[in-house]
There are 2 protein chains.
Amino acid sequence: MQDKNCQGRGQWHGKFHGCGCRMTAGRETVIRVLQETSKHLSADEIFIRARKINPDIGLTTVYRTLEKLSTMGEVHRLDSGDKRGRFELADSEKGHHHHLVCTMCNSIIDYDDFIDEEIKLLKETEKKLSQKYNFNINSHLIQFYGICEKCK
Amino acid sequence: MQDKNCQGRGQWHGKFHGCGCRMTAGRETVIRVLQETSKHLSADEIFIRARKINPDIGLTTVYRTLEKLSTMGEVHRLDSGDKRGRFELADSEKGHHHHLVCTMCNSIIDYDDFIDEEIKLLKETEKKLSQKYNFNINSHLIQFYGICEKCK
DNA sequence: TTGTTAATGAAAATCATTTCCATTAAGGAG
DNA sequence: CTCCTTAATGGAAATGATTTTCATTAACAA
């Protein structure tokens with residue numbers, strides 16, 4: 001049995017086909033980079049790491065892949081406050097977590113404490129909102145903003 | 001007694017002074033534009049409306065004011081998916097609300113249904129997180145992503 | 001009223017992201 | 001396995017939101 005956090009090429013192949021897209025070397029590389037990090041990388045940082053695996057990949061492909069994965073709900077684009085987008089796999093090895101974002105230095109802390117109750121409430125809320133607004137909810141983003149330990 | 005959602009110049013004057021800043025005509029104009037809309041405006045849209053109130057204001061000042069208010073926690077910058085930032089007053093006439101964001105058309109729906117329980121849980125979570133991570137929490141952002149009624 | 005210095009506007013610079021376009025390759029059909 | 005359609009690609013150029021620069025103005029404490 002395959003661990004759900006260690007999805008192989010096959011699973012992704014299926015996901016892309018499900019929306020009329022193809023699985024390619026470039027896409028596989030970007031996904032692998034995202035799977036192998038615990039950080040919130042920018043497109044450029046992803047590109048640099050991707051080049052080490054697959055020297056032929058272009059920055060444009062990285063952007064296009066992130067865009068597509070984002071639309072598919074497989075990747076979250078975070079706005080950390082600096083002007084580059086930052087990306088993380090929706091269903092990463094880190095497991096479900098939310099963010100503390102420092103508005104001084106733009107650092108992001110992942111947390112997964114106290115999260116069980118949150119998730120329960122979110123599930124209920126999702127259900128109610130889906131019905132009321134006739135909106136298909138795929139994912140959510142929860143962030144707390146403030147000043148981190150260092151910046152205080 | 002003054003309604004808390006209808007803060008006058010004085011209140012803002014105090015807030016700016018509290019962080020060593022000055023209250024100026026430009027800042028007042030930007031705040032007024034934000035107070036008078038129920039939409040999630042981009043910097044450029046805010047600039048256009050601000051010009052109607054105060055024809056001398058520059059786009060640069062709009063950006064700088066939004067940046068400052070954002071750092072102060074008085075304004076939230078939303079990432080709607082298109083590449084411009086969108087802004088809303090943290091404590092607006094709309095009252096506390098969260099967002100449904102359509103990943104197809106980038107539209108944003110405000111909702112304030114079912115929110116009381118959410119807020120209660122958030123308050124508790126904030127308290128716990130503040131302690132554990134020694135992080136001063138000023139505000140939060142909750143968004144659900146999916147496909148809206150129109151795009152289905 | 002004055003002095004200090006934060007704030008401003010306009011123009012130029014920056015730089016993340018997107019578009020263009022000729023070329024390549026995924027993967028279904030045969 | 002080979003062919004064919006067309007999605008995907010890479011590099012260069014374009015785009016456009018945001019930031020920086022710098023000389024000038026104005027907030028406000030003394």
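Naming convention: chains lettered A, B, ... in sequence-line order (proteins, then strands); numbering from 1 in each chain. Just so it is clear, the values below take in all heavy atoms, side chains as well, and ignore hydrogens, waters and symmetry mates.
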Using a heavy-atom distance cut-off of less than 4.0 Å, which residues of residues 44-54 of chain B contact DNA chain D? none
Suppose we screen for side chain to side chain contact (heavy atoms under 4.5 Å, CB included). Which residues come up paired with S107(A), at least two apart in sequence or across chains? C102(A), C105(A), C148(A)
Applying side-chain hydrogen bond (donor to acceptor under 3.5 Å, both in side chains), name anything that partners R86(A), two or more places apart in sequence or on another chain. E45(A)
D79(B) CG to dT17(C) C1', in whole Å, measures 13 Å
Whole angstrom value for the distance that separates C1' of dA7(C) from CD1 of I57(B): 11 Å
Nearest-angstrom distance from the residue atom NZ of K83(A) to P of dT18(C): 14 Å
Using atom types as modelled and distance alone, determine if a side-chain donor or acceptor of K94(B) lies under 3.5 Å from a backbone N or O of S38(B). yes
Using side-chain heavy atoms (C-beta onward) and a distance below 4.5 Å, is L69(B) in contact with I31(B)? yes
All side-chain hydrogen bond (donor to acceptor under 3.5 Å, both in side chains) counterparts of R32(A), not counting sequence neighbours: E36(A)
Under 3.5 Å, which protein N or O atoms sit close to an N or O of nucleotides 1-3 of chain C? Give each pair with its distance.
none

Apart from I48(A) itself, its cluster of hydrophobic side chains linked below 4.5 Å comprises none
Between C1' of dT18(D) and CZ of R86(B), the distance in whole Å: 15 Å
Please identify each residue that fulfils side-chain hydrogen bond (donor to acceptor under 3.5 Å, both in side chains) with D79(B), with sequence neighbours left out. none
Between R84(A) and dT17(C), is there a contact of a side-chain N or O with OP1 or OP2 at under 4.0 Å? no
I need the CG-C1' distance between D56(B) and dA7(C), as an integer number of Å. 14 Å
Residue list, side-chain hydrogen bond (donor to acceptor under 3.5 Å, both in side chains) with K39(B), at least two apart or on another chain: none
Counting N and O atoms only, with roles assigned by atom type, does the side chain of R27(A) sit under 3.5 Å from a partner on the main chain of V62(A), one being a donor and the other an acceptor? no
Strand-adjacent residues in residues 63-73 of chain B, judged by heavy atoms under 4.0 Å from DNA chain D: Y63(B), R64(B)
Side-chain polar contacts of residues 112-119 of chain A - donor-acceptor pairs under 3.5 angstrom, sequence neighbours left out - could you list them?
from	atom 1	to	atom 2	distance (Å)
D113(A)	OD1	K132(B)	NZ	2.6
D113(A)	OD2	Y133(B)	OH	2.5
E118(A)	OE1	H98(A)	ND1	2.5
E118(A)	OE2	Y111(A)	OH	3.2

Taking the side chain as C-beta and beyond, is there a heavy-atom pair between L41(B) and F87(B) under 4.5 Å? no
Should the ring pair F144(B) and H140(A) be called parallel, tilted or perpendicular, given that the plane angle runs from 0 to 90° and is split at 30 and 60? perpendicular
To the nearest angstrom, the CG-C1' distance between L59(A) and dC20(C) comes to 16 Å
Kindly state each residue pair satisfying ring-ring contact (aromatic ring centres under 6.0 Å, His included) with at least one member in residues 14-71 of chain A, sequence neighbours excluded. H13(A)-H17(A), H40(A)-H99(A)
Output the rounded distance in Å from CD1 (I31(A)) to P (dA8(D)). 13 Å
Nucleotides 24-27 of chain C: which of its N/O atoms have a protein N/O under 3.5 Å away?
from	atom 1	to	atom 2	distance (Å)
dA26(C)	O3'	M23(A)	O	3.3
dA26(C)	N3	R22(A)	NH1	3.1
dG27(C)	OP1	H13(A)	NE2	3.3
dG27(C)	OP1	H17(A)	NE2	3.0
dG27(C)	OP1	M23(A)	N	2.9
dG27(C)	OP2	H13(A)	NE2	3.3

